[in-house]
Number of protein chains: 2
Amino acid sequence: MNLSERKKKILSAVIDENFLTAEPVSSKQLQENYLKDFSSATIRNELATLEELGLLYHPHTSSGRLPTKDGIKLYVDEILPSIKSASVEDLTKMFDAKLDNVSSVLKTTAKAISEATNYTTIMSLSLYDFAIIEKVGLVGIDENSVLAIVSTDRGTIKDLITLEANEEELESSSKILTDIFRGKTLRQIENSDFLITSEIEKYKYMFELMVEMIASQEKKNNQIAIEGKNKLLEYPEFADSSKLRSAFEIFEEPSSLESLLDSTGQNIETIIETDENSPVKDCAIVTASYKVGDKTIGKASVFGPVRMDYKNVISILKGLSSEISHKLNQPNKNNSSKKGDD
Amino acid sequence: MNLSERKKKILSAVIDENFLTAEPVSSKQLQENYLKDFSSATIRNELATLEELGLLYHPHTSSGRLPTKDGIKLYVDEILPSIKSASVEDLTKMFDAKLDNVSSVLKTTAKAISEATNYTTIMSLSLYDFAIIEKVGLVGIDENSVLAIVSTDRGTIKDLITLEANEEELESSSKILTDIFRGKTLRQIENSDFLITSEIEKYKYMFELMVEMIASQEKKNNQIAIEGKNKLLEYPEFADSSKLRSAFEIFEEPSSLESLLDSTGQNIETIIETDENSPVKDCAIVTASYKVGDKTIGKASVFGPVRMDYKNVISILKGLSSEISHKLNQPNKNNSSKKGDD
DNA sequence: ATTTAGCACTCGCAGATGATGAGTGCTAGC
DNA sequence: GCTAGCACTCATCATCTGCGAGTGCTAAAT
């Protein structure tokens with residue numbers, strides 16, 4: 001769509017003003033706060049045109065204008081892109097996360113974004129596609145329990161497993177398993193998506209125990225964090241408790257979250273839900289995805305009312321995004337020598 | 001307070017009916033649903049008496065009655081005690097919790113109680129006052145990290161610590177530390193509330209590392225679980241989003257929670273907050289405490305509107321309570337021989 | 001051709017009014 | 001001690017009204 005500069009300015013002004021007041025915006029308001037050089041009548045004419053284009057609407061004859069879904073889309077996609085990304089140095093520690101504290105790092109990062117944007121923030125991160133195994137260790141604890149340790153370039157996962165074995169057995173198993181696992185990602189082990197040679201057959205039981213342990217640890221390290229749910233309470237859009245309820249119910253249900261955040265793979269994507277029947281009607285979600293190769297290993301999503309401060313949200317997610325891709329493209333100190341394996 | 005049976009019956013009826021409708025209760029309602037043998041006029045007389053006693057009130061002349069704080073207190077303390085405790089066999093797994101999954105057990109238990117009562121449930125549990133140390137192990141992982149393992153009768157805590165040491169040193173340290181720690185609770189170690197003999201001086205550094213590790217692990221195993229926050233949304237009392245907000249803010253703030261749940265030590269205690277200025281005005285909290293000796297090691301609190309189904313809540317918490325004290329008084333298979341130490 | 005002043009028109013909103021009915025308190029009789 | 005009956009109170013709801021914010025349109029000005 002090709003809008004005149006003035007029309008763009010007016011559309012932005014409507015969205016910005018509506019963000020501040022949460023009310024329909026009148027031509028007079030626009031004139032006084034954004035376009036002092038024109039009369040309200042002129043602005044009214046422009047507003048009428050923007051309405052014909054489907055970018056604005058007004059709920060009743062004598063009320064001000066509100067942006068439609070299309071209007072916001074256009075604003076986000078064509079008017080905002082020029083904004084700079086925010087500086088977010090202190091947020092990128094997320095990608096220095098170690099496997100044994102992913103959830104706490106996710107939590108603090110999500111909390112930070114939530115504080116910065118003032119919206120609910122949902123983060124997910126799977127180091128399982130990212131961490132490269134370096135070594136497998138098996139240590140006898142007592143008669144029938146063994147501590148299994150898998151160390152990666154991203155930290156260590158460990159768990160007690162039930163197994164009777166003497167020290168020599170453990171030692172040789174450690175060696176063999178290290179040989180098999182080294183250089184692979186945890187995900188590959190979990191899926192066992194590589195050839196099992198006859199050599200491994202002997203250690204099949206051990207091997208399966210380890211796969212199981214790795215899989216169970218992934219579930220345990222609950223790799224999704226939702227912070228700032230209470231932020232929603234600040235917005236009049238959620239004053240109605242049934243709206244709040246449906247939003248909170250979505251947060252509870254990991255599966256519905258998954259589908260909601262299932263981005264098409266764009267770097268930053270904005271979803272605006274105005275479907276009358278959607279549980280998150282009148283909500284907007286801005287999602288940034290972080291990838292290594294073609295695998296999405298992390299996502300940061302900001303959830304709020306359609307009347308959202310997109311400028312701020314996108315600039316923060318953008319900043320995080322650029323910092324992170326910078327990080328990901330730096331060879332990692334610990335695993336640079338082994339990275340070629342997969 | 002000595003009430004006639006009929007007055008008790010009427011007070012109960014008011015509270016029960018108000019629980020169902022969330023509205024003031026009229027004499028006619030009571031007559032139809034609870035006291036068919038009397039006319040509404042008789043009931044009105046009784047209601048007036050109960051009002052004089054400060055157990056009921058009515059917001060305006062032509063409205064039905066509502067219980068006051070005192071009325072509910074009396075109901076809970078003097079009328080309800082005859083109710084049986086619910087069977088809750090499947091909830092007591094909480095006290096079979098192992099240190100390394102306290103938080104997940106707390107979570108599921110809190111969730112179960114929340115589902116059973118339909119209110120928000122807050123649980124806390126500290127095995128640190130409860131678990132008796134059996135053994136300390138130090139295992140070298142690589143050049144400068146050591147896996148410290150403290151096994152207790154309630155599971156194992158473990159963490160990587162940074163330390164350079166050869167195998168012999170680790171072995172002898174393990175032995176000495178085991179001698180010092182064995183039979184003590186984790187809390188005692190954390191507080192170091194026992195005599196440090198000159199013998200220990202040599203291992204002071206190791207000792208301090210272990211104390212630190214134990215303390216940090218306690219923080220890590222976030223030992224408080226709040227489940228069913230969304231339940232509040234179902235109650236008209238929380239339709240007003242500012243009320244909801246203050247409740248949710250309390251849930252966020254662990255310190256304010258602490259003070260709120262700081263029970264006087266009764267087995268089951270009901271707090272009804274009607275103070276005009278309290279952030280949790282018109283909320284009720286029923287807390288059950290679980291003790292070993294004089295230490296409270298766990299608490300289960302149910303949070304909801306003053307108009308709460310006390311009967312159900314208390315019977316569930318009571319059931320949990322009795323199951324647990326039964327459990328706690330059974331000598332534990334693993335630590336019966338060492339329990340005399342403190 | 002674009003902008004603007006002016007004005008009629010629309011419609012939500014807030015306050016006033018009145019009818020309704022639920023519920024009580026009281027009194028008198030059973 | 002219980003209850004029928006009735007006057008009284010007061011919240012609630014629907015209806016109405018005036019107000020004012022805001023628009024759309026037209027005609028004049030730039």
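Protein chains get the first letters and strands the later ones, always in sequence-line order, with residue 1 at the start of each. As the structure is a prediction and not an experimental result, all values here were calculated from the model.
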Inset, instruction - Let me know the distance between CD of A:Glu32 and P of D:dA21, rounded to the nearest Å. - result: 12 Å

Inset, instruction - Would you please confirm or rule out a distance under 4.0 Å between OP1 or OP2 of D:dT3 and any side-chain N or O of B:Ser39? - result: yes

Legend entry - Whole-Å distance separating the CD atom of A:Glu52 from the C1' atom of D:dT23: 14 Å

Legend entry - Any side-chain donor near an acceptor of the partner, A:Ser242 and A:Asp240, under 3.5 Å: yes

Inset, instruction - Specify the separation, in whole Å, of atom CD of A:Glu46 and atom P of D:dT23. - result: 14 Å

Inset, instruction - Please check if atom NZ in A:Lys73 has more than 12 non-hydrogen atoms from other residues, nucleotides or ligands closer than 6.0 Å. - result: yes

Inset, instruction - Name the nucleic acid region contacted by A:Ser63, choosing base, sugar-phosphate or nothing; use a 4.0 angstrom heavy-atom cut-off, strictly under. - result: sugar-phosphate

Inset, instruction - Compare side-chain N and O positions of B:Arg6 against OP1 and OP2 of D:dC2 and report whether any pair is under 4.0 Å apart. - result: yes

Inset, instruction - Could you tell me whether the phosphate oxygens of C:dG23, OP1 or OP2, come under 4.0 Å of any side-chain nitrogen or oxygen in B:Ser27? - result: no

Legend entry - Among A:Glu249, A:Glu252, A:Glu234, the one residue meeting salt bridge (Lys or Arg N to Asp or Glu O under 4.0 Å) with A:Lys229: A:Glu252

Inset, instruction - Could you tell me whether the phosphate oxygens of C:dC11, OP1 or OP2, come under 4.0 Å of any side-chain nitrogen or oxygen in A:Thr61? - result: yes

Inset, instruction - For C:dG23, take OP1 and OP2 only and decide whether either is under 4.0 Å from a side-chain N or O of B:Arg65. - result: no

Legend entry - Between C1' of D:dG22 and OH of A:Tyr57, the distance in whole Å: 16 Å

Inset, instruction - Output the single nucleotide from D:dG24, C:dG25, C:dC11 whose closest atom is nearest the side chain of B:Ala48. - result: C:dG25

Inset, instruction - Grab the NZ-C1' distance between B:Lys28 and C:dG21 for me, whole Å please. - result: 11 Å

Inset, instruction - Tell me which nucleotide among C:dT24, C:dG23, C:dT4 gets nearest to the side chain of B:Leu47. - result: C:dT24

Inset, instruction - Check every strand shown and say whether A:Ser26 touches a base, only sugar-phosphate, or nothing at a heavy-atom separation below 4.0 Å. - result: sugar-phosphate

Inset, instruction - Would you kindly give the CD-to-C1' distance between B:Gln31 and D:dT3, to the nearest whole Å? - result: 11 Å

Legend entry - Test ring-ring contact (aromatic ring centres under 6.0 Å, His included) applied to B:Tyr235 and B:Tyr119, step by step: CA-CA 10 Å; B:Tyr235 300 99; B:Tyr119 299 108; 5.2 Å; yes

Legend entry - B:Ile43 CD1 to C:dG25 C1', straight-line distance once rounded to whole Å: 15 Å

Legend entry - Of A:Pro59 and B:Asn45, the one whose closest DNA chain C nucleotide lies more 5': A:Pro59

Inset, instruction - Would you mind reading off the distance between A:His60 atom NE2 and D:dT23 atom P, rounded to a whole angstrom? - result: 10 Å

Legend entry - Where B:Asp70 and B:Gly54 come nearest, the two heavy atoms and their spacing: CB-O, 3.8 Å

Inset, instruction - Taking only the side-chain nitrogens and oxygens of B:Arg44, find out if one of them lies under 4.0 Å from OP1 or OP2 of D:dA4. - result: no

